Each structure stands twice: as C-alpha cells, then as structure tokens.
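Notes follow once the structure below has been shown.
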Amino acid sequence: VVSAHLESQVADMSDEIAYINHDIDDGIRSGLLTSKEMEQFTLWRKAKKRVLQKYGRAVASERLKSRIVSSMISMMIHDLCAATNKNIAKFRINTIDDARGYKGAIVAFSPAIRHELNILHAFLMKNFYENPKVAHKIKYGKKIVKSLFLHYFNNPKKLPLLFKQSIENGEPIEIVVKDYIAGMTD
C-alpha cells in the first residue's frame, strides 16, 4: 500500500486542526463546553499561558477564549511542521519519489500532541457531538439534506445548467445531485 500524496496528508491534518479548534470554539460559544472544562487539557493550558504572557490578564473573557483557540491552532501547526520534518529525516525522504514510495504517513503530529488530540476528540464526542442539543440539530440537518436530495433527484430540471449537462452526459443522477448538495456547503 502506497501512502497518500503529501498534499493529501497535509490537507487531512489541516482539516483536523481546523475542525477540532472550530468545534471547541463553537462548543464554548454555545455554552455546551466551558473554559473551566478545557483547563483539563494540556494544549489548552499551554495556549492560555502563551496568551496571558503576550497580552496580560486584561484580556476580556470572550477575547481570551478566541485567542487561546488561535494559539492552539498555532501550536498545532508548529508541532505538525516539526514532527513532519523529523519524519522526513527519519524515513530518509530526499526526493518526491521517496515520498511517493513511502508506505505510511509522513505528515503527522508528534506523539505528545497526537495523544492530546485523541483525548480532546473523545471529550468532544462525549460532551459536544453527542450532546442531545447537538444531536437534535444534526438530525434536523440530515432531514433537510435528505429532502433536498429527493427534491433534485425527482426534479433534475431544477438543477443548475452545469449539473443538468452532467446528467445528459451520462453521469448517474444520484452522483450529480449528491455533488450539487455537497457543493452548497463549500
């Protein structure tokens, strides 16, 4: 098995950084998570310490939370770059062919950050994603997406011209409708 292209590995890790931090920020803003709960995480505490050293204790509470999340993003990016550079040296990746031929991930977090992220993911799963208030919204969102799919599947003439042309060119209607709906969130 050949590993994913480096660009794909970078995109996957970038998505992880964006999603986890966005979800933490959303969780705090929604009141489903608290800053106090986040104090149990080393990454949060380190980010908070960096923010307080840079801006002092006069930072407003809401701004402090945003800056902590921003600092976490920065710390994760720096860790990802450092760990990836170590992997490049460790796996003797000197050329693009070396990277293409390597079986496994080259772009990765350090073991310490990966461990912390795994704990954060578990916490978010239990306290945010599976929260009844969030689950209700997810259920409602799925219902909307399903109704959109059925609407366009049963009424393909209502799709934009480019999508209608894809169907005319032999693309299966369910694929075209799925792609159209998926593009609504881009």
Side-chain angles (χ1 to χ4, degrees), residues 1-94 98-139 141-142 185-186:
V1 177
V2 177
S3 64
H5 289 283
L6 287 177
E7 295 87 352
S8 296
Q9 293 181 41
V10 170
D12 287 346
M13 302 308 282
S14 299
D15 283 348
E16 183 173 4
I17 291 169
Y19 288 137
I20 198 164
N21 285 288
H22 186 268
D23 292 345
I24 289 168
D25 191 48
D26 280 353
I28 291 171
R29 288 177 193 268
S30 70
L32 297 174
L33 304 176
T34 66
S35 297
K36 186 175 181 178
E37 288 175 308
M38 295 308 298
E39 290 289 335
Q40 67 184 296
F41 301 103
T42 304
L43 194 58
W44 178 272
R45 289 191 312 270
K46 285 181 180 178
K48 182 178 179 181
K49 182 178 178 182
R50 287 175 53 170
V51 169
L52 292 175
Q53 285 173 343
K54 184 173 183 177
Y55 298 102
R57 296 210 173 266
V59 179
S61 177
E62 284 306 310
R63 183 158 288 170
L64 176 63
K65 294 170 194 169
S66 296
R67 288 196 170 151
I68 291 171
V69 171
S70 178
S71 182
M72 286 175 54
I73 292 169
S74 177
M75 290 167 60
M76 291 169 70
I77 291 169
H78 287 288
D79 180 86
L80 182 65
C81 291
T84 299
N85 282 331
K86 284 182 183 177
N87 287 345
I88 288 169
K90 178 180 170 182
F91 305 142
R92 296 189 177 110
I93 307 293
N94 297 309
D98 293 341
R100 287 183 183 135
Y102 182 77
K103 293 178 173 81
I106 297 168
V107 180
F109 291 111
S110 67
I113 292 293
R114 170 48 56 211
H115 177 72
E116 183 76 10
L117 290 175
N118 290 344
I119 294 169
L120 260 169
H121 281 292
F123 171 81
L124 287 171
M125 185 61 69
K126 180 180 176 189
N127 296 285
F128 186 60
Y129 308 130
E130 294 176 351
N131 183 294
K133 291 179 183 176
V134 174
H136 174 72
K137 294 287 185 187
I138 290 171
K139 186 177 179 181
K142 285 180 180 180
T185 63
D186 290 348

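Owing to the predicted nature of the structure, the values given are computational and were not obtained by experimental measurement. Heavy atoms only: backbone and side chains are in, while hydrogens, waters and symmetry mates are out.
Residues I93 and D98 share a closest heavy-atom pair of CD1-O, 3.7 Å. The shortest heavy-atom contact between L33 and D23 is CD1-O, 4.4 Å. Y129 approaches I138 most closely through the heavy-atom pair O-CD1, 4.2 Å. When all heavy atoms of A83 and S110 are compared, the pair lying nearest together is CB-N, 3.4 Å. When all heavy atoms of M38 and I28 are compared, the pair lying nearest together is CG-CD1, 4.0 Å. What you find for T84 and A108 is that their closest heavy atoms are OG1-N, 3.3 Å.
For Q9 (side chain) and A105 (main-chain N/O), no donor-acceptor pair under 3.5 Å exists by modelled atom type.
Aromatic ring pairs are classed by plane angle as parallel below 30°, tilted from 30° to 60° and perpendicular above 60°; the pair F41 and F123 is perpendicular.
For the pair N127 and L32, the minimum side-chain heavy-atom distance is 4.5 Å or more. A heavy-atom distance below 4.5 Å is found between the side chains of L52 and L64. I113 is not listed as a side-chain neighbour of M75, based on a closest heavy-atom distance of 4.5 Å or more.
Partners of F128 by ring pair (Phe, Tyr, Trp, His ring centres under 6.0 Å), not counting sequence neighbours: none found. The side chain to side chain contact (heavy atoms under 4.5 Å, CB included) test applied to K137 returns no partner, not counting sequence neighbours.
Sequence neighbours left out, the pairs with a member in residues 47-59 that pass side-chain hydrogen bond (donor to acceptor under 3.5 Å, both in side chains) are E39-K48. Applying the salt bridge (Lys or Arg N to Asp or Glu O under 4.0 Å) rule to pairs touching residues 64-93 yields E62-K65, sequence neighbours excluded. The salt bridge (Lys or Arg N to Asp or Glu O under 4.0 Å) pairs that include a residue from residues 24-36 are D25-R29, where partners are two or more places apart or lie in different chains. For the salt bridge (Lys or Arg N to Asp or Glu O under 4.0 Å) condition, the pairs that include at least one residue of residues 104-118, sequence neighbours left out, are E16-R114.
Residue N21 holds its CG atom at 5.0 Å from CE of M76, rounded to the nearest 0.5 Å. To the nearest 0.5 Å, atoms CG (L120) and CG (L43) are separated by 6.5 Å. Atom CE of M125 is separated from atom CG of N131 by 12.5 Å, given to the nearest 0.5 angstrom. Remark: I77 CD1 to I17 CD1 distance equals 5.0 Å, nearest 0.5 Å.
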